[in-house]
Each structure stands twice: as structure tokens, then as C-alpha cells.
Peer 1: 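Submitted below is the structure of interest, expressed as C-alpha cells.
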Amino acid sequence: MIEIAKFIEDAVTRHGGLLLSTLQDIQEHYKYLPEEALREVAKKSGIALRDVYGVATFYSAFSFTPKGKHVITVCLGTACHVRGGVRIVDVLSKELGINPRETTPDLQFTLETVNCLGCCAIGPIVVVNGKYHGQMTPQKTLKQIKRLVKKGK
Amino acid sequence: MVKLLMAEQLEKFRQKILANRPKKTLISISCGTCGQARGALKVVEAFKKAVKGREKKVSIKVTGCHGFCEAEPNVIIFPEEIFYRNLKPEDAKRVVESALNGEVVDDLVYKENGNGFIHMSEIPFYRKQMRILSGKNPLVDPVNVEDYIALGGYKALARALQKSPEKIIGEIKASGLRGRGGAGFPTGRKWEVTRVQKGDIKYIICNADEGDPGAYMDRSLLEGNPHSVIEGMIIGAYAIGAGEGWVYVRNEYPLAVKHVTVAIEQARKLGLLGENILGSGFTFDIKIARGAGAFVCGEETALIASVEGKRGIPRQRPPFPAAYGLFAKPTNINNVETLANVPIIIEKGAGWFASIGTEKSKGTKIFSLVGKVRNTGLVEVPMGITLREVVFDIGGALDGKRVKAVQIGGPSGGCIPQELFHLPVDYESLTGAGAIMGSGGMIVMDENTCMVDIAKYFTNFLQEESCGKCSICREGTQRMYEILTAVTEGRGTEEGLTLLEELGGVIKDASMCGLGQTVPNPVLSTLRYFRDEYTAHIKEKRCHAGVCKTFIQYMINLEKCTGCELCKKNCPQEAIEGERKKPHSIVQDKCIKCGICYDMCEFDAVVKTTGGKNAKDSN
């Protein structure tokens with residue numbers, strides 16, 4: 001708790017009280033927005049908690065639940081869409097048993113979708129733990145998942 | 001790093017950089033986000049090893065995007081401009097050897113119809129382009145300001161600071177430059193309106209919230225040549241009298257964020273940002289604000305709210321940001337590509353710039369040419385070039401596929417059918433055809449793209465991204481999405497289509513911001529040009545393109561199936577049955593129609609059918 005308070009005090013000061021940037025730092029650090037962090041932001045910045053919550057829910061980059069060990073992001077930009085990005089999401093959903101924006105109960109995998117990563121020429125793009133993979137297919141993506149599962153065992 | 005106190009010092013600094021750079025072979029490796037996704041970093045490592053011990057004769061430059069994404073990772077050898085495509089780490093040695101010996105590695109050059117193309121300018125993808133903005137990318141290491149200065153960077157700034165702000169605005173006006181973010185408002189006029197506002201504190205914002213899915217020219221400029229945007233921004237700030245600037249950049253572009261951050265720091269160290277820039281008495285600095293994944297923040301009033309740290313919800317205009325913007329002060333907002341044009345106009349003159357393009361649309365425009373074309377990538381073309389030239393001459397149709405349409409302008413844009421590809425690319429022509437220039441995404445669609453699915457895709461995107469302020473946009477997009485979903489799931493009616501058109505008109509009229517006003521474009525333009533596809537879904541229960549899952553079925557052709565078990569092994573649903581060396585079959589109840597079997601079969605034994613006919617040739 002003390003650690004969170006310190007981190008947030010620093011972030012609020014660093015960004016001159018600008019809420020969005022402060023929340024971004026928290027999201028980056030904790031990989032989600034813990035409730036106590038939001039309460040602390042409200043306290044430290046003097047912004048009403050309801051407004052902090054309002055901003056946190058408005059932007060899709062924020063999450064209120066912890067992310068899995070492996071984060072799989074499928075790009076669903078237009079170019080990826082016409083080249084079959086949705087098929088990849090469908091297959092991953094089935095394989096992992098979760099919907100997009102959800103995390104498996106064992107906290108191993110989080111499945112995310114994104115509107116566009118700007119790598120449209122080599123779509124569909126799948127980002128596995130921060131690493132970009134171009135021209136993906138449902139089958140190539142499944143292979144990646146299976147490799148990660150194997151590694152974890 | 002030295003601090004440049006006067007314009008003359010900048011010139012001296014440039015001469016010093018050039019003097020320290022002996023002429024030698026340069027290997028430029030494209031290493032933007034696309035390149036990295038294709039393994040460019042490993043290629044860089046291999047090249048570094050390959051040139052070891054020969055640094056006197058050859059050097060390596062790790063650069064931003066070269067534009068030709070389909071050919072990533074690619075390498076250009078300067079000064080000859082030999083272009084090598086799709087390199088692997090093991091190719092590095094051969095490329096270095098041949099570059100030193102003045103030879104060409106024939107099997108690594110770009111080929112089309114059996115012909116090899118050695119030089120960049122000969123390749124069909126580059127031939128019709130005019131790369132005044134993106135052309136410097138291969139020669140600039142984006143995190144090294146010296147590269148930019150060596151090529152004449154910040155010369156325009158030095159020149160601009162010696163003129164009056166009014167004169168600069170006059171030049172931008174005379175050039176005919178219009179906003180590259182979408183709407184095409186004349187940049188010079190925008191600057192002038194902000195300039196004449198009363199008050200000491202004014203802001204300039206660079207809108208790098210490139211939210212249009214399928215468009216990434218701004219990412220490429222920020223990643224590959226960030227100083228060109230910063231220089232444009234400083235000149236703009238000087239013209240309008242702003243003391244502080246913000247770059248609002250998408251957080252989905254980590255490399256762009258990194259490169260802009262580095263570039264701003266370098267400019268500050270050199271005294272190109274900060275107090276009394278180049279001895280002119282003008283003081284200006286830039287901060288960065290990162291987006292957080294909200295499409296609506298590309299709209300200027302929403303963007304301002306977001307920079308202020310609030311929810312990105314647009315507000316009523318007027319007052320326009322020029323009068324009442326960031327922190328309630330006069331604010332000018334320009335798009336990345338617009339700003340990158342500014343130094344070029346100042347350097348080469350308004351007349352030169354105005355000589356490129358059409359009567360009302362001047363200069364060049366970068367498009368991201370993606371989707372169903374052979375050569376995907378960023379293409380920079382003079383305004384007025386026809387769609388046909390861009391799609392077919394630069395892009396090239398995929399083998400044996402019929403190009404159906406091109407989607408321009410992102411979710412706010414529309415689909416233009418092939419019959420209209422004679423249209424010139426300029427603001428007015430595209431708007432007349434039901435699309436918009438937008439930020440410049442061009443997504444090519446062929447016979448395997450379902451236009452109803454595309455309309456549904458954009459409507460879903462927009463109903464998620466609608467900020468919710470205007471109920472007609474919030475609710476209207478949801479209703480449109482429901483109607484479109486019904487069509488793609490076999491529950492559509494003709495009345496539904498009429499309702500779509502009516503709803504579209506109302507949302508357009510009654511929404512407050514640009515997002516709502518353009519929301520129905522993808523639906524209306526596909527209804528206008530591809531109504532037959534909607535009808536096929538409703539009446540024949542068929543999706544000609546073979547996309548909408550309700551209407552398709554995968555089956556195995558017993559005559560062609562060799563029983564190799566490849567599909568069976570890879571089916572994630574275990575929906576394929578059959579013994580080895582005997583024809584397989586698909587259990588339809590288990591099939592989720594993911595198409596893996598269809599993609600993998602080496603004997604064309606898996607067929608996709610719609611309405612009892614082959615999806616492929618049902619058109």
C-alpha cells in the first residue's frame with residue numbers, strides 16, 4: 001500500500017496532475033488499474049473519484065483486471081480483417097476458452113484485440129507478448145500458443 | 001552536442017557533419033514496426049557482422065520504413081539505389097560482398113513476371129511515386145539528428161525565423177496545402193485564424209492519433225523521420241505565435257512514441273527547441289501526450305479534452321479551437337503529414353509545391369495501399385493520379401483475382417467500385433464518390449471480400465468507438481449494426497435496407513462531431529454500389545465472397561482427397577474424420593468454419609460452398 005501511494009504521488013507530480021498520463025503510468029506499471037490505485041489518484045490529484053473512474057472506463061487501453069502471463073493481441077484493423085483476422089480470434093477464443101478482453105482462470109493467457117497497429121501491409125498481425133508477427137493464420141497462431149503452453153509446463 | 005545559438009552555426013554544424021562523412025557504400029536497412037515484425041532486427045545483426053573489418057568502405061544505417069512493406073525486410077544500397085527485398089540473415093554476407101565489388105545479387109532483387117528490377121526507381125511499386133516526404137526515410141537514422149541535418153534539415157526553420165510570421169502564413173496559403181488528416185481544410189488559413197486571436201498563450205498540437213484502421217503513414221513519418229514533423233511544428237508555432245506544442249500520439253505505436261521522444265530531446269539539446277531558437281528571440285517547446293485507444297480522439301475537440309487528461313468527448317463548435325482550445329487558449333491542430341510538408345514548402349517555395357497536384361488539391365499524399373494487392377506498402381503520389389494507377393500500376397492485383405473496390409478514408413470513408421477507378425485522387429472527387437480522402441488508408445478488396453461484411457465491420461467499429469454523447473450516434477450505430485448482423489446471418493429483409501438508408505441519413509444530419517456525421521458512409525457507399533450483394537444475402541441466402549459464416553460450409557471433395565490427414569491433424573475442433581489414405585469428411589456440427597483445412601489442403605480437396613455452389617466461382 002505504501003509502495004502504491006509513493007508511486008502514485010510521483011506519477012501525479014510528474015504529469016502535473018494530468019489524469020490520463022497518470023493512469024497510463026499505473027497501467028504500464030501494474031498491467032491494470034487496481035482499485036486502491038484509483039482511490040489514491042483521486043486523493044493525491046484532487047480530482048473526484050467519479051471522474052477518475054470516468055476516464056479509466058472511457059479509454060480502451062485501461063483494464064480493471066490483472067492480465068495473464070502471456071498477452072496475445074490480435075489486430076482487427078481493416079486490412080487485417082479482410083485478410084482473416086477474425087478467424088484467428090475465433091480459433092483462439094475456442095482454444096483458450098475465453099472471449100476477447102478476458103483472461104484464462106489460471107492467469108496464463110489474456111486475449112486482446114486492437115483496432116489497428118499500423119502494420120497493415122503484412123496483416124493479419126498477432127502480437128505475442130510484445131513481439132509482432134506478420135501474415136498470421138489461425139494455424140500459425142495456434143502453434144505459438146501451444147509452444148507457450150509447453151514452455152510453461 | 002553543441003548548442004546552436006545562431007542560424008550560421010546551424011550551417012557550420014551541417015558542414016562539419018558532412019566533412020566527417022567520407023563517401024562510402026551505404027547499406028540502408030528498413031526497420032520500422034513492419035520490418036521488425038518480419039525479422040528485420042535479425043537481418044541488422046547479420047549485416048553488422050558481415051561488415052566487420054570493412055567499416056572504412058561500407059556503413060550500415062538502420063532506418064524507418066522504406067515504404068515497400070510487402071518486401072520487408074528490405075535493404076537499399078546507396079549511392080546506386082540497388083533494392084533487395086525479403087532478406088534473411090544468411091543473405092547479408094552476399095549482399096555486402098557484392099556491394100563492395102560493385103556487383104548485384106540477382107536472386108535477391110525484386111522480380112515481376114520473370115523480370116528482375118535492380119534499382120529502386122525502376123520497380124513498378126516505386127516508379128509512379130513522388131516521394132517528397134517519405135523519400136528521405138532510407139537516408140535517415142531516426143534517432144540521429146545529425147542525419148537529418150546533413151540532408152538540409154532545419155534549414156527551412158532557420159529561413160522561416162528570419163521572416164515575419166505573416167509572411168510564413170502567406171507562403172503556406174499560396175502553396176495550397178490542405179490538412180492531410182481528413183477534412184482538407186487549408187492549412188494557411190487555419191494558421192491565420194489562430195494567429196489573429198488575442199492573448200499571449202497559444203498552443204500548437206500535432207495530431208498523431210492515427211486511429212483509422214488500415215492507415216499508417218503518420219506512424220511511418222514519426223518512426224522514420226520525426227525531425228521533419230518537429231521542424232514543421234516549430235515553423236507552425238512561430239507563424240501562429242505559440243509558445244508550447246503537444247504531440248498527441250497513439251500509444252499503439254510504441255516505436256513512434258520512442259523516436260519522437262528522442263527527437264524532441266535532441267532538438268532541445270541543439271537549441272532548436274527552447275528559449276531564443278537560433279537567436280531569433282522565439283521561444284517554443286514540445287511535450288508528448290499519449291493516446292489511450294479511443295478513435296474519437298482524432299476529432300480535434302475530443303483530442304484537446306484528452307490532452308487535458310479528460311474523457312475524449314467532442315464538444316460543440318464554435319467556438320473553434322483556434323479561439324478556445326487547449327486549456328481554454330487559442331490552439332492550432334495539424335496532422336503529422338501536414339506538418340511534414342511545411343519545411344519542404346518553406347525550402348522549395350510555395351510555387352514549386354503548388355505546381356504539383358490538381359487545381360484544388362496540391363502536393364503529394366501518402367496512402368497506405370493494403371488489402372488484396374500484390375505490392376502492399378506506403379505510396380506517396382502526386383494528387384490527381386487516378387485510382388487505377390495506384391491500385392493496379394503500383395499495387396497490382398493478386399493473381400487471378402478480380403479487384404472489386406477500394407475502401408478509402410477509414411471508418412468515415414467509403415468503398416469506391418472498380419468502375420470508378422478512373423477518378424483522380426483529390427479531396428473533391430473522392431467526396432463526390434461517397435468516400436473521403438481521410439488520412440489516406442486505401443484498402444483494396446477483391447472477389448473474396450464481402451461488402452456487407454465490410455459495412456458490418458466498420459459499423460461495429462464505430463458503435464464501439466462512438467463516445468456516446470449524441471444519442472443518435474450512440475443508438476443509431478447500434479441499430480445499424482443489428483440490421484447488418486441480421487443480413488449476414490440470414491435474417492435480413494429488404495425493409496431493413498431501406499431502414500439502414502433512412503437511419504444513415506438521420507445520423508449524418510443529427511450528430512454533432514465529424515465521427516457521427518460520417519458514421520453511415522461505409523454502409524451508404526456499399527448500399528449504393530453493391531446493393532446486389534446485400535440482396536444475395538437476403539434473398540438467395542448466399543455470400544458470394546464466401547465470408548459470412550452462416551452461409552458457408554466447408555466440404556471435402558472425395559475424389560481429390562488423398563487421405564493425407566494434414567487437415568485432420570490441424571483441425572482445432574477435431575471435426576474431421578477418416579482413416580489414413582482414405583477420403584476424409586467434415587462433421588458439420590463440430591465445424592467452427594475457421595478455414596484451417598481449406599488453407600492447408602495441398603490437393604484443393606477442401607471446398608468452400610455457399611448456397612450450394614462453390615464460393616470461389618459463385619460470382
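Residue numbers begin at 1 in each chain, while the letters A, B, ... track the order of the sequences.
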Peer 1: Can you tell me how far CG of B/N448 sits from CZ of A/R83, rounded to the nearest 0.5 angstrom?
Peer 2: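 One gets 12.5 Å once the value is rounded to the nearest 0.5 Å.
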Peer 1: Report the distance from atom CG of B/L566 to atom CD of A/Q139, rounding to the nearest 0.5 Å.
Peer 2: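 If I round to the nearest 0.5 Å, the distance is 7.5 Å.
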Peer 1: Can you find a side-chain donor-acceptor pair between A/N115 and B/E464 that sits under 3.5 Å?
Peer 2: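 Looking only at side-chain atoms, B/E464 and A/N115 do not form any donor-acceptor pair under 3.5 Å.
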Peer 1: Less than 4.5 Å to any heavy atom of chain A: does that hold for the side chain of B/V547, its backbone, both, or neither?
Peer 2: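 The answer is neither part of B/V547.
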Peer 1: Which atoms of B/P254 are under 4.5 Å from chain A, going by heavy atoms: the side chain, the backbone, both sets, or neither?
Peer 2: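 Side chain only.
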Peer 1: Answer with side chain, backbone, both or neither: which region of B/D453 has an atom nearer than 4.5 Å to a non-hydrogen atom of chain A?
Peer 2: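 For B/D453, backbone and side chain are both near chain A.
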Peer 1: Heavy atoms only, distances under 4.5 angstrom: which of A/L142, A/I122, A/L19 has the most pairs with chain B? Name it, please.
Peer 2: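 The option with the most such pairs is A/I122.
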Peer 1: First locate atom CD of A/Q135, then atom OG1 of B/T376, and finally report the distance between them rounded to the nearest 0.5 Å.
Peer 2: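 Spacing of CD (A/Q135) from OG1 (B/T376) equals 7.5 Å.
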Peer 1: Among the options A/V127, A/V86, A/T78, pick out the one with the most heavy-atom pairs lying under 4.5 Å from chain B.
Peer 2: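 The answer is A/T78.
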Peer 1: Counting only heavy atoms closer than 4.5 Å, note whether B/A256 contacts chain A via side chain, backbone, both or neither.
Peer 2: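 Contact with chain A: none, neither part.
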Peer 1: Need one label for B/R219: side chain, backbone, both or neither, based on atoms under 4.5 Å from any heavy atom in chain A.
Peer 2: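 B/R219 touches chain A through side-chain heavy atoms alone.
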Peer 1: Which one wins on heavy-atom pair count under 4.5 Å against chain B: A/G16, A/G54, A/S21?
Peer 2: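 Ranked by heavy-atom pairs under 4.5 Å with chain B, first place is A/G54.
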Peer 1: Are any of the side-chain heavy atoms of B/I454 and A/H81 separated by less than 4.5 Å?
Peer 2: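 When only atoms from C-beta onward are counted, A/H81 and B/I454 do touch, with a gap below 4.5 Å.
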Peer 1: Using heavy-atom distances under 4.5 Å, tell me whether B/C65 contacts chain A through its side chain, its backbone, both, or neither.
Peer 2: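 Interface part for B/C65: neither.
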Peer 1: Keeping the roles fixed (side chain from A/Y59, backbone from B/G291), state whether a donor-acceptor pair exists under 3.5 Å.
Peer 2: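 Side chain of A/Y59 to backbone of B/G291: no pair is present.
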Peer 1: Could you tell me the separation between the CG atom of A/L117 and the OH atom of B/Y216, rounded to the nearest 0.5 Å?
Peer 2: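 The distance works out to 12.5 Å.
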Peer 1: Would you check if B/D599 and A/R87 make a side-chain contact, meaning some heavy-atom pair closer than 4.5 Å?
Peer 2: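 With C-beta onward as the side chain, the pair touches.
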Peer 1: Quick one: of A/L76, A/L23, A/V114, who has the most non-hydrogen atom pairs under 4.5 Å with chain B?
Peer 2: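 The option with the most such pairs is A/L76.
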Peer 1: Does any heavy atom of chain A fall under 4.5 Å from the side chain of B/K549, the backbone, both, or neither of them?
Peer 2: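 Side chain only.
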Peer 1: Hey, is the main chain of A/V82 close enough, under 3.5 Å, to the side chain of B/T449 for a donor-acceptor pair?
Peer 2: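 A pair under 3.5 Å: no.
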Peer 1: Tell me, for A/V55 versus chain B, whether the close heavy atoms (under 4.5 Å) come from the side chain, the backbone, both or neither.
Peer 2: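 Contact with chain B involves both backbone and side-chain atoms of A/V55.
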Peer 1: Working to the nearest 0.5 angstrom, can you tell me the gap between A/L18 CG and B/E308 CD?
Peer 2: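 The distance works out to 8.5 Å.
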Peer 1: What residue, out of A/G84, A/C120, A/A61, has the most heavy-atom pairs lying under 4.5 Å from chain B?
Peer 2: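 Of the candidates given, the most pairs with chain B belong to A/C120.
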Peer 1: Identify which part of B/M217 has an atom lying under 4.5 Å from any heavy atom of chain A, answering side chain, backbone, both or neither.
Peer 2: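 For B/M217, there is no contact with chain A at all, as no heavy atom is under 4.5 Å.
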Peer 1: Of all of B/F68, B/F458, B/F295, which one pairs up most often with chain A through heavy atoms under 4.5 Å apart?
Peer 2: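 The answer is B/F458.
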Peer 1: Nearest 0.5 Å, what's the OH-CZ distance between A/Y132 and B/R38?
Peer 2: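 If we round to the nearest 0.5 Å, A/Y132:OH and B/R38:CZ are 15.5 Å apart.
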Peer 1: Does any non-hydrogen side-chain atom of A/Q27 lie less than 4.5 Å from one of B/N251?
Peer 2: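 No, too far: nothing below the 4.5 Å cut-off.
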Peer 1: Please flag which part of B/S220 lies under 4.5 Å from any non-hydrogen atom of chain A: side chain, backbone, both or neither.
Peer 2: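 Contact with chain A involves no heavy atom of B/S220 at all.
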Peer 1: Using every non-hydrogen atom in the two residues, find where A/A79 and B/V370 come nearest and quote the distance to one decimal.
Peer 2: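 Closest pair (atom of A/A79, atom of B/V370, distance): CB-CG2, 3.6 Å.
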Peer 1: What residue in B/Q573, B/K593, B/E465 has the most heavy-atom pairs under 4.5 Å with chain A?
Peer 2: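 The candidate making the most pairs under 4.5 Å is B/Q573.
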Peer 1: Mind checking whether A/D90 and B/C594 have side chains closer than 4.5 Å, heavy atoms only?
Peer 2: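 SC-SC contact between A/D90 and B/C594 ruled out.
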